[in-house]
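Computed from a predicted structure; not experimentally measured.
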Amino acid sequence: MSSHTEQGAGRAPLAPLRAPRHTPVAYWIGNELLDLTTPDALLDRLRDRFAGQQGGTWREASDRALAHHSFQVFDVYPWAALLRTPATPTALSVLDRCRIRTGVVRSVSGGSATVESRPLRWTGTHLAPGAPVRESVRWSAGGRSLLPGLAPGDVVALHWDWVCDVLTAPQAARVESTEVRQLTALGLARLP
């Protein structure tokens, strides 16, 4: 763990984390730790870690870089730019499945659950939430899980076909607003 604590405009470039268990919540869901890493420090880290990698829009993202999974999905990976390329349905599928999305558990059976969520749809110019769909997801495998349990009515965070966490209402709102922020900054969301 880094011990770098240099302050700049009230934020450390890559702040040391005194409560490491909060780090996954910051990256996946979002919390106050997101405000501790400056966009420039994040981009410097990415330039070092992804030197030579093609694709993505992150190199020009100083106004929208955020140490959150939505930035990784929509800016670092090349898929968002491929949406505007004809005949690339894989791009939409990868963006939709890889992003952290919210859903509501409708039923649970063993290590699987049926969850209702809103997939992304591509309009030809922007990404928008689609109509709610039900999907089968996993929340446990071989008796192991990230969660102590799951029940119908739980609001959850989903990644690919996994339930990652049960969310509070503020956490669900944070997941959704962080995604909208990222898509809007990238020019992939229509403003109301």
- Message: Quick check on the hydrophobic clustering: are Phe74 and Phe50 connected, directly or via other members, by side-chain heavy-atom contacts under 4.5 Å?
- Response: no
- Item | Spacing of Thr178 atom OG1 and Ile100 atom CD1 [to the nearest 0.5 Å] | 11.5 Å
- Item | Val133 reachable from Val104 in the ILVMFWY side-chain graph, under 4.5 Å edges | no
- So which heavy atom on Ser62 is nearest to which on Asp40, and how close? CB-OD1, 4.1 Å
- Message: Between Val108 and Pro152, is there a side-chain heavy-atom distance shorter than 4.5 Å?
- Response: yes
- Query: How long is the gap from CG on Leu167 to CZ on Arg174, to the nearest 0.5 Å?
  - Reply: 12.5 Å
- Item | Beyond-backbone contact of Cys164 with Val156, side-chain heavy atoms, under 4.5 angstrom | no
- Looking only at heavy atoms, which two atoms of Ala67 and Leu34 are closest? And how far apart? O-CD2, 3.1 Å
- Item | Rounded distance (nearest 0.5 Å) linking atom CG of Leu150 with atom OG of Ser109 | 11.5 Å
- Message: So His159 and Cys98, do their side chains get closer than 4.5 Å, heavy atoms only?
- Response: yes
- State whether the side chain of Trp139 and the backbone N or O of Gly110 hold a donor-acceptor pair below 3.5 Å, judged by distance alone. yes
- Query: Can you name the nearest heavy-atom pair linking Leu82 to Ala91, along with the distance?
  - Reply: CB-CB, 4.0 Å
- Task: State, with a plain yes or no, whether a side-chain heavy atom of Gln54 is found less than 4.5 Å away from one of Pro78.
- Result: no
- Note on the structure: By salt bridge (charged side-chain N to carboxylate O under 4.0 Å, His left out), Asp161 pairs with (sequence neighbours left out) Arg138
- Message: Within this structure, what is the CG-OG distance for the pair Leu147 and Ser140, rounded to the nearest 0.5 Å?
- Response: 9.0 Å
- Heavy-atom side-chain proximity of Trp122 to Leu188 below 4.5 angstrom: yes
- With a 4.5 Å limit on heavy-atom distance, are the side chains of Tyr77 and Val94 in contact? no
- Intermediate values then yes/no, side chain to side chain contact (heavy atoms under 4.5 Å, CB included), Ser117 and Thr102: CA-CA 6 Å; Ser117 67; Thr102 61; over 6 Å; no
- Task: Kindly say whether Ala131 contributes a backbone atom to a donor-acceptor pair with the side chain of Arg118 at under 3.5 angstrom?
- Result: no
- Query: Side chains of Arg45 and Thr37: donor-acceptor distance under 3.5 Å anywhere?
  - Reply: no
- Note on the structure: Exactly one candidate in Thr184, Val73, Leu120 meets side chain to side chain contact (heavy atoms under 4.5 Å, CB included) with Glu179; the answer is Leu120
- Query: Quick one: side-chain hydrogen bond (donor to acceptor under 3.5 Å, both in side chains) partners of Arg47, sequence neighbours excluded?
  - Reply: Asp44
- Identified side chain to side chain contact (heavy atoms under 4.5 Å, CB included) counterpart of Val105 within the set Val155, Asp154, Val137, Thr114: Asp154
- Exactly one of Arg181, Arg59, Arg99, Arg64 clears salt bridge (Lys or Arg N to Asp or Glu O under 4.0 Å) with Asp75, and that residue is Arg64
- Query: Hey, any chance Leu183 and Leu92 share a hydrophobic cluster, counting ILVMFWY side chains that come within less than 4.5 Å of each other, even indirectly?
  - Reply: yes
- Message: Measuring from atom CG of Leu66 to atom CG of Asp35, what distance do you get when rounded to the nearest 0.5 angstrom?
- Response: 8.0 Å
- Query: Got a second to check how far Trp162's CH2 is from Ser145's OG, nearest 0.5 Å?
  - Reply: 7.0 Å
- Non-neighbouring partners of Thr168 that pass side-chain hydrogen bond (donor to acceptor under 3.5 Å, both in side chains), sequence neighbours left out: Gln171
- Query: Heavy atoms, side chains only, cut-off 4.5 Å: are Asp165 and Leu146 in contact?
  - Reply: no
- Item | Hydrophobic cluster identity match, Trp58 and Leu186, side-chain contacts under 4.5 Å | no
- Message: Are Val25 and Val175 linked, directly or through intermediate hydrophobic residues, by side-chain heavy-atom contacts shorter than 4.5 Å (ILVMFWY only)?
- Response: yes
- Task: Return yes if some donor-acceptor pair links the side-chain N/O of Arg101 with the main-chain N/O of Pro119 below 3.5 Å, else return no.
- Result: no
- Task: Mind telling me whether His69 and Tyr27 have parallel, tilted or perpendicular rings, with 30° and 60° as the class edges?
- Result: perpendicular
